[in-house]
Amino acid sequence: MSLADFKYADTIHRCFRCGYCKFPVNWKDVNNCPPYARFRMESYSCGGRLWLTRAWLNDQIKWTEHLAEILYSCTTCKNCVIKCPLRFNVDIVNMVIAARGEMVESGRLPQAVKKFLENIELYGNPYGESRAKRGEWANRMGVEKYHGQEYLLYVGCTGSYDTRAQKAARALAEIMMRAGVSFGVLGPEETCDGNEVYKLGESGLFEVLAENNIQKYKNTGAQKIVTFSPHAYNAMKNYYHEYGGSFEVFHYTQFLHGLIENGKINNLRCPNMKITFHDPCFLGRWNEEYEAPRAILRAVEGVEFTEMGKNKESALCCGGGGGNFQIDLLGGSENSPARRRAREAYETGANVLAVACPKCLVMLNDAVESEELANRLEVLDISEIVIKGLNI
Amino acid sequence: MDSIYEALVNIVGKEYVSNQPEELYIYSFDLGTAEPCQPQYVVSPRATEHIQGIVRLANKEKIPIVPLGGGLSLAGLAVPLKGGILLDLKRMDSIIEVNENARYAVVECGVSQGQLTSYLEKNYPRLTHSEPGAPPAATLAGNVMIHGQGDLAQPYGFNSDLVNGLEVVLPTGEVCHIGSVAIGAGWFTNHPLPDVGLFLGWCGTTGIITKLSIRLFPCKRIRGVGTFVLEHEDLVPEAVYKLTHTQMAEDIVAFSSAIPPFASELQQITVNIAADSEKELEFKQEILWDDTLGEYIHRGEGAYLGFVRHLQRPQISKTSDYKKGGGFEYVGSIVPIQRYPECYRKGREISERHGIPYTVTGRCVGAGHSMMFAWTFAFNRADPETIIQARKALHETDDLVLQLGGVIWKPGTYGQKLILERLDPGTKELMGKIKRLIDPNGIMNPGNWEVA
């Protein structure tokens, strides 16, 4: 493809590389673009990616594995969209996704991205795990299979397969059961929501996933879906309608907040917890939901809540978005976004770092361990905090 | 095996060295109209010792070094004109000290303007620094290196006048300190030791600034900007002179632009005002608008457009998107304020000749001692012809500055050539001697200030 055929050919040159996109809202540092924070080379900045994309499509530079890694290191966290003051800002991440789409089309991808997509196609999850094991996280919990209950709980790949995230998924299911919510899960019939597939530029595979999922939900009669992951929430809320999806979608924090408000969950108590909260990109910047998780934490008696300096639309991404949870182009350094974020959380004096995303949970849990902070800062999903509150 | 690459890796670590086409491409560009030139290596040091090691290596290998701060000069000053090692200094970004009582900050060379603004707002709300109109990613060291000016230029002058001290890696690898810190007395003053100020304005051709101390100033509780408009450019110098006499403004900027069309040809003057109380604010506003500029209103030559509380800091620039083209560059000049009308008229002629909507700005420096006057030319990065037109316009404007009796501010290579042609022979010889002595292998940002 030439630049002229690129969807954003009339826009991509408008990036001046002024660098606003590196900052959080309060201009605290230039480390709010995850790949730039990790590598600190202009090539990894948002502007660098756009200029390199244009140069590649203009045949000024050739495709290399390194170029592909630079483009795929973007976590699609949308900090650049928030910070860029120019009118084309809404398309910045879309330009990166479109460039990745070109790489997908031509089959020139980093090995880890290839493997990710291959696993999704073969197994319906990026782990390459058997579909049959997808529902094992709920073994012996008594969670019902979905058969027309009011809510379908969509757990997603990370909550289904990652052992740390499974604990949080179990906490959520237990809360829902104890609150008397009518819900079920698809278990082994659940398939990847496709959010990361979309962000990796594989629009064709995303379309297949979306259509199949929508058909499955229609066949089962699901009208209301609660997602454990903000990534799934984003895909189902913002993209599935293009493929005929017409159900209500809630992120679980919105749902739990509703349960607290109508008294189905009450008497939450967690003494001696000083909590700070990490906003997931796909709940916050992508869907502007900043309040529900905080409202839940405020409802827990005994919790002292403190904000990180970079919060809400300024939150530093954990580095797990845009497929990087698996393809891991940003790991392996004290400058990895997750480790930076863990330090930022620790600086608040909190003893609990609350999250509302299974990817953030795993990324930050690992980061806290790498930073040797595990005995001083516990990473807990909000579902785990609520279940602790209920148990006391 | 590339031995220079290996040596660089040994100094800063593998992750912070690149000789791959992607980094060489990105770092070959200035954001303005300068032609790209590729380095052979891009290196991102974290410590003064790293820079010393790199400089020593470069001397041994006789390979150029080009230091880069925020990369926002727009004049091509950090384009590696003769290749070599591009030093991206932004990883050296620690704020080392803020002395609240003596009002200064010591920072590493990669600290950005936005970072210091944010840090002071959070930790020292009674202090502020003179923040330039550049994007917040511009570094403090880069700004003082080019004799930048900020939003406190009217009371306090150029930002390079506000330097209390420097740490510099010399072109041969030694570290030296300038100012009171040189005798271990802290970073509170640049005086009164013998003047060895060989680094500011040299564009990295005499050394690499690694740390600097910059003066801070009282930050009043209320800050805002008032706007006054004058119908004719000839009125601007007198109005600015009167404003400076009040000693009540933090920043005085006159500007005019073709866009929006209804305001074209009008001259707007923004005045930043700060106060600790409503009483002080009211008093200053009365003095500035009523007593000082009121006469223009009475004569029907001007109008007061209002006062907006809260300064937008850092300033957000959208100039690059004026033509949806992603590019602009400007010629800056330091000129007497009395030249404002000619600067405006001739700059506008040049813009119109090249089919570019005109934008001119003049910031008062000191108590009317001079003005930084800038002519801005937007271009479309996707249309090479507009880049060529902008470049021609910029070169014509460089010539114009000197014709008007001004000095080109942060000149690119074209402007440097014009200045060197006019430079006092004795001064030029001195610069040559300094350069030959301090940088015997000519490795420091070659192509800039070629006097040796």
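- Both the backbone and the side chain of E15(B) come within less than 4.5 Å of a heavy atom of chain A.
- For the residue pair N380(B) and R14(A), no side-chain donor N or O sits within less than 3.5 Å of a side-chain acceptor on the partner.
- Using a 4.5 Å heavy-atom cut-off against chain A, the contacting residues of residues 21-45 of chain B are E22(B), E23(B), Y25(B), I26(B), Y27(B), F29(B), D30(B), L31(B), V42(B), S44(B).
- Between F88(A) and Y8(A), the distance separating the two ring centers is not shorter than 6.0 angstrom.
- Heavy-atom pairs under 4.5 Å with chain A peak, among A137(B), G71(B), S112(B), A138(B), at A137(B).
- Contacts of C18(A) with chain B are made by both backbone and side-chain atoms, with heavy-atom separations under 4.5 Å.
- Neither the backbone nor the side chain of T117(B) comes within less than 4.5 Å of any heavy atom in chain A.
- Between chain B and the residues K28(A), K62(A), Q60(A), the largest count of heavy-atom pairs under 4.5 Å involves K28(A).
- Judged by a 6.0 Å distance limit and a 45° cone about the ring axis, R49(A) is not positioned over the six-membered ring of Y44(A).
- For the pair V66(B)/I85(B), no side-chain contact is recorded, criterion being any heavy-atom separation below 4.5 Å from C-beta on.
- Counting heavy-atom neighbours within 6.0 Å of K122(B) NZ, excluding the residue itself, gives a total of 12 or less.
- Within 6.0 Å of atom CD in E105(A), 12 or fewer heavy atoms from other residues, nucleotides or ligands are found, so the atom counts as exposed in its surroundings.
- For L74(B), the part lying near chain A is the side chain, with the backbone staying farther off; criterion is any non-hydrogen pair under 4.5 Å.
- A salt bridge is absent between E329(B) and R391(B); no separation between the charged side-chain nitrogens and carboxylate oxygens falls under 4.0 Å.
- Contact annotation for D321(B): both backbone and side-chain heavy atoms come within less than 4.5 Å of a heavy atom of chain A.
- Of the atoms belonging to I61(A), it is side-chain heavy atoms, and not backbone ones, that fall under 4.5 Å from chain B.
- If you measure heavy-atom distances from R54(A) to chain B, the contacts under 4.5 Å come from the side chain alone.
- Options G70(B), P314(B), G327(B), G110(B) differ in how many heavy-atom pairs under 4.5 Å they form with chain A, and the most are formed by P314(B).
- Under a 4.0 Å N-O distance rule, the pair E65(A)/R108(A) does not qualify as a salt bridge.
- Contact check for S336(A) versus L330(A): no side-chain heavy atoms found under the 4.5 Å cut-off.
- Of the atoms belonging to N58(A), not a single heavy atom falls under 4.5 Å from chain B.
- For the pair K310(A) and W27(A), the cation-pi criterion (under 6.0 Å, within 45° of the ring axis) is not fulfilled.
- With a 6.0 Å cutoff to the six-membered ring centre and a 45° limit on the axis angle, K22(A) counts as a cation-pi contact of Y36(A).
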